[in-house]
2 protein chains.
Amino acid sequence: MPVTIKDVARRSGVSKATVSRVLNNIPVVREDTRRAVLEATRALGYTPDALARGLTTKKTRTVALVVSDIRNPFFPEVARGVEDLLNNYNYNVMLCNTDGRPEKEEAYIRLLLEKRVDGIIFASVKMGASDLSRLQKRGLPFVLAGRTLPGADADVVVVDSVLGGYQATMHLLQLGHTRIGYVSGPAGVSASVDRHRGYEQALRHNGLDPSPELVAVGDFTQEGGYAGASRLLSLEKPPTAIFCANDIMAIGALEAIYERGLKVPEDVAIVGFDDIPFARLRNIQLTTVMYPKYDLGAIAARMLIERIENPAPDRLAKQVILPPRLIIRRTCGFHLGRSTPGATT
Amino acid sequence: MPVTIKDVARRSGVSKATVSRVLNNIPVVREDTRRAVLEATRALGYTPDALARGLTTKKTRTVALVVSDIRNPFFPEVARGVEDLLNNYNYNVMLCNTDGRPEKEEAYIRLLLEKRVDGIIFASVKMGASDLSRLQKRGLPFVLAGRTLPGADADVVVVDSVLGGYQATMHLLQLGHTRIGYVSGPAGVSASVDRHRGYEQALRHNGLDPSPELVAVGDFTQEGGYAGASRLLSLEKPPTAIFCANDIMAIGALEAIYERGLKVPEDVAIVGFDDIPFARLRNIQLTTVMYPKYDLGAIAARMLIERIENPAPDRLAKQVILPPRLIIRRTCGFHLGRSTPGATT
DNA sequence: CGTCGTTTTGCAACCGGTTACAGCAAGCTA
DNA sequence: TAGCTTGCTGTAACCGGTTGCAAAACGACG
């Protein structure tokens with residue numbers, strides 16, 4: 001029923017091989033043969049079978065994008081960046097949600113291996129470096145986007161989270177805050193610890209001592225932000241500003257603050273990280289550190305394609321570090337133009 | 001280099017056929033042979049090649065999800081619903097962003113045809129019914145999710161937008177509003193015209209005459225919502241409430257309202273549609289009609305699988321209509337407990 | 001112990017392309 | 001005109017699985 005290359009060959013009076021050559025633009029075919037084949041192709045409505053092709057060429061022109069949950073507003077932007085770039089090179093994206101659960105990651109990897117994807121972009125990984133190195137053994141190219149993995153020597157693209165954390169904290173310091181809290185992400189995750197590091201650096205550069213009681217560990221979720229901020233706010237001497245390791249937690253933090261009848265930024269200032277779409281809503285106006293998510297995806301995709309199409313196995317891992325950019329909106333209080341922050345009452 | 005079924009066969013001293021049978025759980029294999037094969041499989045770290053398999057079975061266990069733009073907060077939820085369900089059946093999702101551009105849709109369809117996906121879920125379509133029927137000719141199953149297409153007899157799952165529009169408008173009427181505006185989506189899109197219809201029905205049921213000057217045509221974007229609301233607000237006699245055909249436009253409308261120094265809901269009430277994550281943010285609290293997006297995706301996926309695995313070509317198109325549900329938050333003013341809405345001053 | 005019905009297993013074709021290699025025709029050179 | 005290129009095309013093997021069919025192995029029965 002479906003029309004195959006053989007049908008095209010028959011109709012145009014040539015062999016399968018020639019049809020194949022025409023369709024792949026191998027420039028040895030005589031012009032009139034080429035035309036005849038093309039004509040037959042059109043007449044028959046022939047669609048080549050990528051499976052069959054892939055079977056011999058070992059290429060599927062498909063790559064997987066692994067995220068924890070596409071509903072996390074960080075990821076759609078990344079995904080779009082990935083897809084747009086991939087499209088330019090005629091690749092496709094397979095979307096994989098893992099919820100950050102290692103067993104789901106495992107399952108997906110196995111599946112992707114079976115489907116013979118050409119490569120994988122990990123926009124989130126929970127697995128250890130050792131699991132990833134199994135991929136390398138297999139010769140399956142991959143790149144890490146938005147997260148590094150200690151010990152894995154793989155292509156990576158991230159923003160400079162240390163710098164971002166530094167900028168955010170510095171900004172708050174310049175507004176006069178001296179008690180600044182930090183709501184972190186899960187322990188061990190590079191994005192979180194790096195931002196923490198930047199936070200501490202900024203404090204130190206201003207002669208302040210980072211105090212452990214001012215950092216609450218969160219988990220990158222809204223609830224985590226809420227809980228973390230709550231803890232900080234119920235301190236004997238609560239912070240006058242809070243830097244959250246990502247915007248979603250900042251949203252949760254806002255909630256915690258409002259719930260206590262406090263005002264943002266008058267009573268407590270907030271800075272987030274990522275600049276997800278929420279952040280710029282008129283009713284939110286979250287000051288945050290912008291993470292170039294679309295670019296992250298696009299760059300990761302480009303690096304992956306580079307790896308795929310130029311598989312020098314000994315090529316060094318490439319690291320791309322994107323610059324973060326502080327976006328000043330209203331939750332930091334900058335627009336109030338004061339330099340002494342409000343301790344309540 | 002890569003280990004194939006032949007290697008497994010050799011190592012376990014049986015034929016390729018037997019290995020294949022073991023791996024596919026065809027229960028004719030003697031128990032000890034089975035074990036031997038399994039053992040060899042593990043020892044060799046064999047991963048079957050889905051391409052090769054698909055070549056003969058005609059199944060890829062991959063389906064495509066076509067959306068206009070995954071960054072539109074409506075779609076990630078849908079995508080997640082799709083993927084979760086698909087995973088249960090061991091299918092994968094290929095993500096396709098088309099920006100609602102017909103030529104991109106075309107290009108993708110061609111590609112998906114080549115890649116031999118088992119089916120397609122259109123969460124947005126711009127193409128006409130005729131293009132889709134070409135797919136049917138080809139025997140490629142698909143389902144429409146969240147949008148119907150007049151003239152296409154295809155499986156469809158949508159919410160009852162007429163009812164949703166009715167509920168939203170009715171709610172505003174019950175709060176005492178009599179001048180209610182409507183900001184529509186693009187002309188011709190079922191979701192938009194159906195909601196409009198519900199809006200008009202509600203008005204009529206309350207003895208009100210729908211007035212054309214109270215409907216502004218938008219395009220489902222924030223800017224469109226802004227523009228539409230702006231137009232309505234600058235009417236000689238502006239509405240005291242506005243129903244927006246989706247939440248994103250409602251966000252835009254809020255902007256327009258604030259910009260004029262007006263208050264929501266005191267001066268003008270707003271109701272949206274979809275209940276995207278934005279809507280429930282503490283600082284927004286948009287009253288809206290909830291669209292069960294996750295379910296939409298999951299149901300669409302289930303229908304598609306049904307089609308795929310049971311390809312009775314004469315089976316009637318199935319229509320699933322999900323019930324909308326009004327979610328009352330604050331932008332409608334319900335919490336104010338008044339029954340006479342505020343015309344300004 | 002031969003026969004026969006059941007399992008089990010292997011053979012070989014096939015899925016639909018790609019590609020190394022060989023063959024043939026025409027054009028050039030000597 | 002013989003001998004070489006050069007240009008174009010066909011043959012056939014191969015990619016790595018699945019599957020219809022036939023053969024082998026097995027156990028039971030008479």
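Just so we're on the same page: letters track the sequence lines, and every chain starts at 1.
- We find the CG-CZ distance between Leu140(B) and Arg116(B) to be 10.0 Å, quoted to the nearest 0.5 Å.
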Donor-acceptor contacts under 3.5 Å from residues 61-68 of chain A side chains, at least two apart:
unit_1, atom_1, unit_2, atom_2, d
Arg61(A), NH1, Tyr89(A), O, 2.5
Thr62(A), OG1, Thr60(A), O, 3.2
Thr62(A), OG1, Lys115(B), NZ, 3.0

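- Between Tyr91(A) and Leu304(A) the shortest side-chain heavy-atom distance does not fall below 4.5 Å.
- Judged by closest nucleotide on DNA chain D, Ser15(A) is the one of Ser15(A) and Arg30(B) placed further toward the 5' end.
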* Classify every nucleotide of nucleotides 16-21 of chain C by which part a protein heavy atom approaches to under 4.0 Å, writing B for the base, S for the sugar-phosphate alone and - for neither, in 5'-to-3' order. => BBBBB-

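- Taking the C1' atoms of five terminal pairs at each end of the helix from dC1(C)-dG30(D) to dA30(C)-dT1(D), the two resulting helix axes are inclined by 60°, rounded to 10°.
- Look at Thr33(B) and you won't find any side-chain N or O under 4.0 angstrom from OP1 or OP2 of dT8(C).
- Listed by chain and residue number, nothing satisfies the salt bridge (charged side-chain N to carboxylate O under 4.0 Å, His left out) test with Arg110(A) (two or more places apart in sequence, or in another chain).
- Put simply, the side chain of Arg80(A) does not reach to within 4.5 Å of the side chain of Pro76(A), judged on heavy atoms.
- Listed by first and then second residue, the salt bridge (charged side-chain N to carboxylate O under 4.0 Å, His left out) pairs involving residues 10-26 of chain A are Asp7(A)-Arg10(A) (not counting sequence neighbours).
- Among the protein residues, Val29(B) comes within range of the sugar-phosphate backbone only, with heavy atoms under 4.0 Å from sugar or phosphate atoms but none that close to a base.
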Pairs under 3.5 Å (N/O, protein and nucleotides 23-28 of chain C):
none

